[in-house]
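Notes follow once the structure below has been shown.
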Amino acid sequence: MAVLVTGGAGYIGSHTCVQLLEAGYDIVVIDNLSNSKMEAVRRVKELTGKDFAFIKGDIRDSALLDEIFRKYDIESVVHFAGLKAVGESVSVPLRYYHNNVTGSIMLFESMQRNGVKNIVFSSSATVYGMAEKMPLREDSPLGAVNPYGRTKLMIEDILRDIYVSDNSWNIILLRYFNPVGAHPSGRIGEDPNGIPNNLMPYISQVAVGKLKELSVFGNDYPTPDGTCIRDYIHVMDLADGHVKALEKLREDPGVVVYNLGTGKGSSVMEMIAAFAEATGIKIPYRITGRRPGDAPVSYADPSKAEKELGWKAKRDIIDMCRDLWTWQSQNPDGYGD
Ligand code: NAD
Ligand code: UFG
């Protein structure tokens, strides 16, 4: 029996593949490499010393999916494949709806045709929209504020509807907070295309000399130092959360939602300080205006995952910065061309 990992060449997918292989799972990976490189797959094999089938293809290719389900003995699916840039989703919404929503529907249809009814889906804290009350619990009000977030909410709803129609499905919706860091070996990590949108990849590219200085988007928020607060979570902790979720699927849980966060918020200024503490590198920065759409504060209540999955984040922001720097300094150009 194997686990099909969609989007397994990507940032979170590659780290999860390592942890799944280390936990003894057989995996099959499908990825169209639209936002990732084959080199990541090669390094997952190198790190674990294990081989697995990699299929370069799109989840919107039904015939290919059916072939994979027929050829391999797939027990469950971990579904990462999707586009994830919030700003881009505002400019090209149809690409996002088609890739993420149509792609997921085609995957679920193929699962249904082939009798595979166990899935772990990559949702996001973005489904909580501009929530006021912290920490965010799984039953906090939902409401996405951009097309990317709406694709996540739609896919969550589609999966809930599938379960209502056939309760032999088992569905785990994981809402990730802010994944950062890298495998401690520095062999795999996040390799954004072009100039990073997100804080920590931006910081590490300033540190390695590829970018001049960080723009801090606003210091007039209602927070202790005026900069936004997020729940940064080490990508290895997130990967471990998927191993726990797959174990949970064996208990026939029906549809369940879990926040994967640390429960601790850190401000932009605290992350700059943590990076200096972990690496000795001071990041030059300039305070600029607010970035439209940023929530002042977002952090999880992760207690449901601890209680029901036996999962808790173990790594702190110093670990996140250190491991990010190991990856960035050893791979200044990411996976290269
Ligand atoms: P990523 O872009 O590194 O990985 C996604 C992978 O999916 C890429 O390798 C890409 O090539 C592949 N892919 C995209 N569309 C595909 C398609 N139609 N068919 C086949 N492969 C396809 O992103 P990531 O950070 O690893 O995120 C993984 C998942 O987690 C995504 O669904 C994302 O929305 C979600 N998520 C990410 C974050 C974050 O901050 N990184 C936060 C919350 C949720
Ligand atoms: N920030 C800066 N300068 C930068 C980049 C970011 O000051 O160059 C600030 C932002 O204003 C924000 C914080 O750093 O206050 C974190 O920003 P990120 O872009 O790293 O993360 P977000 O919380 O905005 O977004 C992330 C993912 C989204 C996801 C969202 C909620 O990128 O995909 O978390 O889960 F939807």
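We number each residue from 1, following the sequence as shown. Keep in mind that the numbers below use all heavy atoms, side chains included, and drop hydrogens, waters and symmetry copies.
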Exercise. How far apart are the C-alpha atoms of S168 and K117, what are their side-chain angles, what is the distance that settles it, and do they pass the side-chain hydrogen bond (donor to acceptor under 3.5 Å, both in side chains) test?
Worked result: CA-CA 7 Å; S168 64; K117 298 180 178 181; 3.1 Å; yes

For this session: Assess the pair H242 and Y25: is the distance between their ring centroids shorter than 6.0 Å?
Result: no

For this session: Evaluate side-chain contact (heavy atoms from CB on, under 4.5 Å) for L173 paired with R160, printing each intermediate quantity in order.
Result: CA-CA 10 Å; L173 310 173; R160 282 193 198 87; 3.6 Å; yes

For this session: Would you mind telling me which of I12, V78, V44, V41 makes a side chain to side chain contact (heavy atoms under 4.5 Å, CB included) with C17?
Result: V44

Problem set entry | Between CG on residue L324 and CZ on residue F275, distance to nearest 0.5 Å | 5.5 Å

Exercise. Is it the case that more than 12 heavy atoms not belonging to K210 sit under 6.0 Å from its NZ atom?
Worked result: yes

Problem set entry | Side chain S14, main chain G10, donor-acceptor under 3.5 Å | yes

Exercise. Is V297 close to T223 at the side-chain level, that is, under 4.5 Å between some pair of heavy atoms?
Worked result: yes

For this session: Starting at CG of N35, measure out to CG of N32 and round the result to the nearest 0.5 Å.
Result: 9.0 Å

Seminar exercise, completed: Minimal heavy-atom distance between M111 and N118, with the atoms involved, is CE-O, 3.6 Å

Exercise. Looking just at side-chain N and O atoms, do D301 and N259 make a donor-acceptor pair shorter than 3.5 Å?
Worked result: no

Exercise. For the residue pair L246 and S76, what are the closest heavy atoms and their distance?
Worked result: CD2-OG, 3.6 Å

For this session: For the pair E270 (side chain) and S267 (backbone), establish whether a donor and an acceptor sit closer than 3.5 Å, ignoring hydrogens and angles.
Result: yes

Exercise. Does NZ or CZ of K264 fall inside the cone over Y299's six-membered ring, less than 6.0 Å from its centre and within 45° of the axis?
Worked result: no

Exercise. Looking at residues at least two apart in the chain, or sitting in another chain, which of them share a salt bridge (Lys or Arg N to Asp or Glu O under 4.0 Å) with E39?
Worked result: R42, R43

For this session: Anything under 30° is parallel, anything over 60° is perpendicular, the rest tilted; go ahead and classify F108 against H79.
Result: perpendicular

Exercise. Could you go step by step and tell me if K84 and E190 meet the salt bridge (charged side-chain N to carboxylate O under 4.0 Å, His left out) rule?
Worked result: CA-CA 13 Å; K84 63 163 182 178; E190 186 171 11; 3.6 Å; yes

For this session: Please step through side-chain contact (heavy atoms from CB on, under 4.5 Å) for the pair N170 and K248, ending with a clear verdict.
Result: CA-CA 9 Å; N170 287 296; K248 182 77 183 175; over 6 Å; no

Problem set entry | Under-4.0 Å salt bridge between K312 and D240 | no

For this session: Using only heavy-atom distances, determine whether the side chains of T6 and D31 contain a donor-acceptor pair under 3.5 Å.
Result: no

Problem set entry | Validation row, ring centre Y11 to ring centre W327 under 6.0 Å | no

For this session: Determine whether the aromatic ring centres of F80 and H15 lie less than 6.0 Å apart.
Result: no

For this session: Verify whether one side chain among R187 and N331 offers a donor that lies under 3.5 Å from an acceptor in the other.
Result: no

Exercise. Do I27 and L47 share a hydrophobic cluster (ILVMFWY, side-chain heavy atoms under 4.5 Å, transitive)?
Worked result: yes

Exercise. Are E213 and R286 within salt-bridge range, i.e. N to O under 4.0 Å?
Worked result: yes

Exercise. So, T279 side chain and I281 main chain: donor-acceptor pair closer than 3.5 Å or not?
Worked result: yes

Exercise. How about Y176 and S122: does a side-chain donor come under 3.5 Å of a side-chain acceptor?
Worked result: yes

Exercise. What closest approach, in Å, do T326 and G186 show between heavy atoms, and which atom pair accounts for it?
Worked result: CG2-CA, 3.9 Å

Problem set entry | P201 backbone acceptor or donor facing N198 side chain under 3.5 Å | no

Problem set entry | Non-hydrogen atoms of S104 and I155 that approach each other most closely | OG-CD1, 3.4 Å

Problem set entry | Whether K45 side chain and F52 backbone form a donor-acceptor pair below 3.5 Å | yes

Seminar exercise, completed: D220 meets the salt bridge (Lys or Arg N to Asp or Glu O under 4.0 Å) criterion, sequence neighbours left out, with R290

For this session: Would you indicate whether the side-chain heavy atoms of V116 and V77 approach each other to under 4.5 Å?
Result: yes

Problem set entry | Hydrophobic cluster identity match, F121 and Y97, side-chain contacts under 4.5 Å | yes

Problem set entry | Test item: D231 side-chain N/O and G261 main-chain N/O as donor-acceptor pair under 3.5 Å | no

Problem set entry | Donor-acceptor contact present, side-chain W311 to main-chain D237, <3.5 Å | yes

Exercise. Linking I/L/V/M/F/W/Y whenever their side-chain heavy atoms sit closer than 4.5 Å, directly or via other members, would M106 and M154 fall into one cluster?
Worked result: no

Exercise. Got D26 and M1 here, is their nearest side-chain heavy-atom distance under 4.5 Å?
Worked result: no

Problem set entry | Spacing of T262 atom OG1 and Y232 atom OH [to the nearest 0.5 Å] | 11.0 Å

Problem set entry | Hydrophobic cluster identity match, I318 and M269, side-chain contacts under 4.5 Å | no

For this session: Give the cluster check for V5 versus I172: same hydrophobic cluster or not, with ILVMFWY residues linked at side-chain heavy-atom distances below 4.5 Å.
Result: yes

Exercise. Do L211 and P196 have side chains that get closer than 4.5 Å, going by heavy atoms?
Worked result: yes

Exercise. Looking at residues at least two apart in the chain, or sitting in another chain, which of them share a salt bridge (Lys or Arg N to Asp or Glu O under 4.0 Å) with E75?
Worked result: R250

Exercise. Is it the case that Y258 and E308 place a side-chain donor and acceptor less than 3.5 Å from each other?
Worked result: yes

For this session: Test side-chain contact (heavy atoms from CB on, under 4.5 Å) on M236 and K314 and set out the steps.
Result: CA-CA 9 Å; M236 295 298 291; K314 295 195 284 256; over 6 Å; no

Exercise. Can R175 and Y128 be said to form a side-chain hydrogen bond (donor to acceptor under 3.5 Å, both in side chains), step by step?
Worked result: CA-CA 10 Å; R175 295 185 182 144; Y128 296 115; 2.9 Å; yes

Exercise. Closest heavy-atom contact between C228 and D294?
Worked result: SG-CB, 4.4 Å

For this session: Taking S110 for its side chain and L107 for its backbone only, find out whether a donor-acceptor pair lies under 3.5 Å.
Result: no

For this session: Indicate the atoms forming the closest heavy-atom contact of V28 with A2, along with that distance.
Result: CG2-CB, 4.3 Å

Problem set entry | Pairwise distance OH(Y202) to CD1(I283) - rounded to 0.5 angstrom | 11.0 Å

Exercise. For atom OH of Y285, is the number of surrounding heavy atoms from other residues, nucleotides or ligands below 6.0 Å larger than 12?
Worked result: no

Seminar exercise, completed: Between the NE2 atom in H183 and the NE2 atom in H234, the distance rounded to the nearest 0.5 Å is 9.5 Å

Exercise. Do any N or O atoms from the side chain of K37 and from the backbone of G336 form a donor-acceptor pair under 3.5 angstrom?
Worked result: yes

Problem set entry | Trace of the side-chain contact (heavy atoms from CB on, under 4.5 Å) decision for I203 with M200 | CA-CA 5 Å; I203 286 183; M200 295 315 290; 3.9 Å; yes

Exercise. Just how far is it from atom CD1 of I30 to atom CG of D61, taken to the nearest 0.5 Å?
Worked result: 7.0 Å

Exercise. With no hydrogens and no angle check, is any side-chain donor or acceptor of T102 less than 3.5 Å from a backbone partner on N99?
Worked result: no

